[in-house]
Amino acid sequence: MIIVVKNNPDKKQMDNLVKWIKGLGLDIHMSKGDNTTVMGLIGDTSVVDEDLIRSLDIVESVKRIQEPFKNANRKFHPDDTVVNVGGHLFGGGHFQLIAGPCSVESEDQIVTVAKAVKAAGATVLRGGAYKPRTSPYAFQGLREEGLKLLSLAKRETGMPVCTEIVDVRTLPLFEDVDLIQVGARNMQNFELLKELGRTDKPILLKRGMAATIEEWLMSAEYIMSEGNANVILCERGIRTFEPYTRNTLDLSAIPVLRDLTHLPILVDPSHASGKAKLVLPLSLAAVGAGADGLEIEVHNDPVHALSDGAQSLRPEQFADLVQRTDVLLTVCGKERDK
Ligand code: PEP
Ligand code: MN
């Protein structure tokens, strides 16, 4: 971090600043010019409150040279992280498909969809038990019963399961869940992130709908700094001025993240678009941009789905998507894990 000090700074304030920075365990490289003094901070600057320094009377400007995330940073961990979800590997060149309904609705529904997506090539079953809905009057999920039905579908198909946690108090109920999803709305629920960081469960961390890439990586940092390195990122679209799609899929996040972090990167084209007919083209685009996998909503009867029917694929549409993404994966020199 570089601090540019204003002309002729008050000596006492300057001494206080130096003392404060040294008190944080950092060294300072001072270069005094005719008009300005530049301070180069040496050491772990992740503890420094950049905005606070900027607000000081004697400070002209502050520039961060090093990213504020350490555990998620590729600079300190050049090799891709590979996360094992019930025997299926995410990251490190592997390509995985997570598929299933938005919500678990009944035994028949979840088992039917699980069998269909497995036959088509998905390796992990998704299904929401606790649903974070915009309206309190909308279907809130089968909750504990939904988790039980997911376990049942797991036993029937042998597929590991992925489901969203919305409340830290329910964590003990997630014992049989293989991949715990943190949804867009909870990306900055820091107490939840810290608690998940104290487990060794793989975590699927979706991007908040108004989160910058750095904020998203700082949320990953919350989980990782508590000791859990099993984090998978999932781009699911961000809120923009465009109302035609539910969100705007930020495809550039994939290559940007590839440089910044070693964590696996998935894309969810279902929530990104809100429209079933856009799921295939966005999936192909995500594969082309280098995603490590996709999370896709599939329902056996989308018209009567209790949530997100408009963006859900029918099983046969999903099977077709898998075949088309396979072709593109081959062109990209990759192969879907089976
Ligand atoms: C979901 O996956 O069902 C979901 C609610 O996603 P998001 O948090 O990305 O909106
Ligand atoms: Mn959904």
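Not measured: the values here are computed from a predicted model. Each residue takes its place number in the sequence, starting with 1. For ligands, and for the atoms within them, numbers begin at 1 and follow the listed sequence.
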In this structure, which one of E226, H77, E221 forms a side-chain hydrogen bond (donor to acceptor under 3.5 Å, both in side chains) with N71?
-> E221

Under a 4.0 Å N-O cut-off, is there an ion pair linking E297 with R126?
-> yes

With P269 as partner, the option from L278, L313, L280, L282 fulfilling side-chain contact (heavy atoms from CB on, under 4.5 Å) is L282

Which is it for Q181 and ligand 1 at heavy atoms under 4.0 Å: side chain, backbone, both or neither?
-> side chain

Thinking salt bridges, do K6 and D57 make one under a 4.0 Å N-O criterion?
-> no

Please confirm whether E164 comes within less than 3.5 Å of ligand 1 when only nitrogen or oxygen atoms on both sides are compared.
-> no

By number and element, which atoms of ligand 1 are closer than 4.0 Å to a non-hydrogen atom of G183?
-> 8 (O)

Which atoms of ligand 1 are found less than 4.0 Å from any heavy atom of E297?
-> 3 (O)

Hey, does the Lys NZ or Arg CZ of K75 hover above the aromatic six-ring of F69, less than 6.0 Å from the centre and inside 45° of the axis?
-> no

Run the salt-bridge test on E156 and K115 with the 4.0 Å N-O cut-off and return the result as yes or no.
-> yes

Are D80 and R74 within salt-bridge range, i.e. N to O under 4.0 Å?
-> yes

Hey, does D308 come in under 3.5 Å of ligand 1, counting only N/O atoms on both sides?
-> no

Can an N or O of C102 be found at a distance shorter than 3.5 Å from an N or O of ligand 1?
-> no

Examine ligand 1 and decide if any of its atoms is less than 4.0 Å from a heavy atom belonging to R207.
-> no

Ligand-side contact atoms (ligand 1) for residue partner R236, heavy atom cut-off under 4.0 Å | 7 (P), 9 (O), 10 (O)

Charged N-O contact under 4.0 Å between K154 and D178 | yes

Would you name the N/O/S atom of D308 that lies closest to the Mn ion (ligand 2)?
-> OD2

Determine, step by step, whether Q311 and R246 satisfy the side-chain hydrogen bond (donor to acceptor under 3.5 Å, both in side chains) criterion, reporting the C-alpha distance in whole Å, the side-chain angles of both residues, the deciding distance to 0.1 Å, and the verdict.
-> CA-CA 10 Å; Q311 67 194 34; R246 183 174 178 181; 2.8 Å; yes

Atom 6 (O) of ligand 1 has as its nearest protein heavy atom K206 NZ, 3.0 Å

Identify the closest protein heavy atom to atom 4 (C) of ligand 1: which residue and atom is it, and at what distance?
-> H271 NE2, 3.4 Å

Could K11 and D15 be called an ion pair, given the rule that one side-chain N must be under 4.0 Å from one carboxylate O?
-> yes

Could you check which N/O/S atom of E297 is closest to the Mn ion (ligand 2)?
-> OE2

Check: E295 N/O within less than 3.5 Å of ligand 1 N/O = no

The atom of H271 among N, O or S that is nearest the Mn ion (ligand 2) is NE2

Give the residue and atom name of whichever protein heavy atom lies nearest to atom 8 (O) of ligand 1, and the separation in Å to one decimal.
-> A184 N, 2.7 Å

